[in-house]
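Source: prediction; values computed, not measured. Letters A, B, ... mirror the listed sequences (proteins, then strands); counts begin at 1.
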Number of protein chains: 2
Amino acid sequence: MVSKENPRPGGRSARVQAAVHQAVRDMLAGMNRADVTIPLIAQRANVTPSTIYRRWGDLQELLADVAASRLQPETEPPKTGSARNDLQAWAEQYADEMSSGAGRQMIRDVLAVSDTANAEKCCIYTQQQLRVLVARADERGEAFPTLTELMDYVVSPIMYRILFDQVPSNDCVRGLISRVMPENTD
Amino acid sequence: MVSKENPRPGGRSARVQAAVHQAVRDMLAGMNRADVTIPLIAQRANVTPSTIYRRWGDLQELLADVAASRLQPETEPPKTGSARNDLQAWAEQYADEMSSGAGRQMIRDVLAVSDTANAEKCCIYTQQQLRVLVARADERGEAFPTLTELMDYVVSPIMYRILFDQVPSNDCVRGLISRVMPENTD
DNA sequence: AACTAAAAGCAAATAATTTGCGTTAGCGCG
DNA sequence: CGCGCTAACGCAAATTATTTGCTTTTAGTT
């Protein structure tokens with residue numbers, strides 16, 4: 001029912017997980033989402049359906065697992081010269097990625113299952129990125145919002161709009177940032 | 001695939017919809033969510049499964065439809081004497097309802113399907129409620145945030161926390177409101 | 001190298017979903 | 001008022017997905 005977090009690397013369990021994840025990613029990229037089924041995934045990953053059912057429970061949990069792992073950023077926020085610009089660049093990229101069809105779908109997948117572990121992971125990933133920005137500003141002695149302020153007044157409005165309303169424009173994102181960093185005119 | 005919005009009241013279609021919605025509500029209240037299936041719902045609603053499949057497509061879409069209709073508020077925000085207190089009372093109730101197990105599940109159901117119509121409905125419902133508060137403050141000449149500010153800095157953080165993080169405490173909600181209404185000390 | 005426990009494969013049984021076709025109910029029209 | 005017309009429903013057979021008991025494989029341990 002629950003995907004193992006740390007099956008020892010190289011073990012059989014890890015190989016199956018990798019094959020299944022890869023199969024899901026391939027299929028999501030190449031076909032209608034409604035046509036992605038566990039038997040098909042199993043066939044592509046060269047495992048039997050019952051293996052998937054036993055490990056993940058159902059399609060939604062598998063999709064949530066895959067989506068959460070794809071939502072983990074692999075790089076630090078790029079440096080642009082100022083904390084403010086770092087934040088702006090990061091926020092715009094975050095909004096773009098999450099607003100895209102694939103991004104929105106991954107968020108949905110993560111939220112669809114009742115187990116909240118995957119959603120919490122997304123939140124933690126975002127906070128990790130923001131903490132880097134906060135630390136950089138701190139090192140330089142630049143004024144900067146707290147992590148909580150960034151989550152509440154930049155990340156949350158972006159995510160709400162993506163999920164419930166219209167996807168935020170770059171102007172919208174810039175406006176949110178101006179609100180938490182009013183000292184710089186921009 | 002798509003639930004009819006306005007089957008003429010009294011028609012057969014409307015009766016089936018009402019019976020199915022009722023069956024879903026009853027079952028969600030009384031049993032494990034994972035055990036709620038379309039054949040069971042059909043049995044309880046006295047329709048055949050194929051009727052449900054043809055009208056709603058699959059379980060997720062049906063649940064999303066039911067959840068959206070349950071998320072529509074049936075009353076105006078209560079009056080408390082001041083615009084600020086109205087807002088605070090409304091926000092606390094909103095946070096409570098959405099944070100509850102049933103509330104969280106309904107939001108999840110609404111977000112789970114790729115059709116965004118139901119999610120947009122939720123956003124509209126919230127904005128309708130907030131517009132009432134804005135209009136009241138306007139009538140009285142009290143200073144008050146705009147609708148957009150309320151959505152961005154009160155509703156969005158509450159919803160983000162519910163979906164991705166920990167459910168917000170009343171203190172947290174009050175803090176968010178203080179931020180958009182700093183003129184009153186409270 | 002044999003042992004063990006966890007995970008995977010296999011296949012039969014069960015359950016859900018799809019679909020073709022006949023039937024019914026509500027609606028407009030004469 | 002009654003006569004079609006159409007959209008929606010019921011029914012049942014066919015298909016597909018899911019569950020489950022049992023066996024086999026595998027990686028780690030002694």
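Note on R174(B) versus E92(B): salt bridge recorded, some NZ/NE/NH1/NH2 to OD/OE distance being below 4.0 Å.
For the residue pair Q128(B)/R131(B), the side-chain donor-acceptor check at 3.5 Å is not satisfied. Donor-acceptor pairing under 3.5 Å is recorded for the side chains of R55(B) and Q17(B).
Taking the side chain of V16(B) as heavy atoms from C-beta on, and the options dG26(C), dA8(C), dC9(D), the nearest nucleotide is dC9(D). Closest to the side chain of R12(B), from the set dA7(C), dA27(D), dA25(C), is dA25(C).
As rounded to whole Å, 18 Å separates atom P of dA16(C) from atom CH2 of W56(B). Atom-to-atom, CD1 of I52(A) to P of dT19(D) comes out at 13 Å; the value is rounded to the nearest Å. Rounded to an integer number of Å, the gap from CG of L59(B) to P of dT18(C) is 12 Å. Between D58(A) atom CG and dA16(C) atom P the separation is 14 Å, expressed in whole Å.
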Write down the protein N/O and nucleotide N/O pairs, taken from nucleotides 19-22 of chain C, whose separation is under 3.5 Å; answer none if there are no such pairs.
unit_1, atom_1, unit_2, atom_2, d
dG20(C), O6, R54(B), NH2, 2.4

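Taking SG from C122(A) and CE from M159(A), the interatomic distance works out to 7.5 Å, rounded to the nearest 0.5 Å.
Among the candidates D138(B), V180(B), D86(B), L133(B), the single residue satisfying the side-chain contact (heavy atoms from CB on, under 4.5 Å) test with F144(B) is L133(B).
At dC9(D), none of the side-chain N or O atoms of T51(B) fall inside 4.0 Å of OP1 or OP2 (strictly under the cut-off).
Hydrophobic clustering, with ILVMFWY side chains joined whenever heavy atoms are under 4.5 angstrom apart, groups V36(A) together with I52(A).
In this pair, W56(B) and H21(B) present their aromatic rings tilted. The plane angle is within the 30 to 60° band.
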Using a 3.5 Å cut-off and no angle test, enumerate the donor-acceptor pairs between side-chain atoms of residues 95-105 of chain A and protein atoms at least two apart in sequence or in another chain.
unit_1, atom_1, unit_2, atom_2, d
E97(A), OE2, Q93(A), NE2, 2.4
S99(A), OG, A95(A), O, 2.5
S100(A), OG, E97(A), O, 2.9
S100(A), OG, G103(A), N, 3.0
Q105(A), NE2, D109(A), OD1, 3.3

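Contact check of residues 20-47 of chain A against DNA chain C (heavy atom, cut-off under 4.0 Å) returns N46(A), V47(A).
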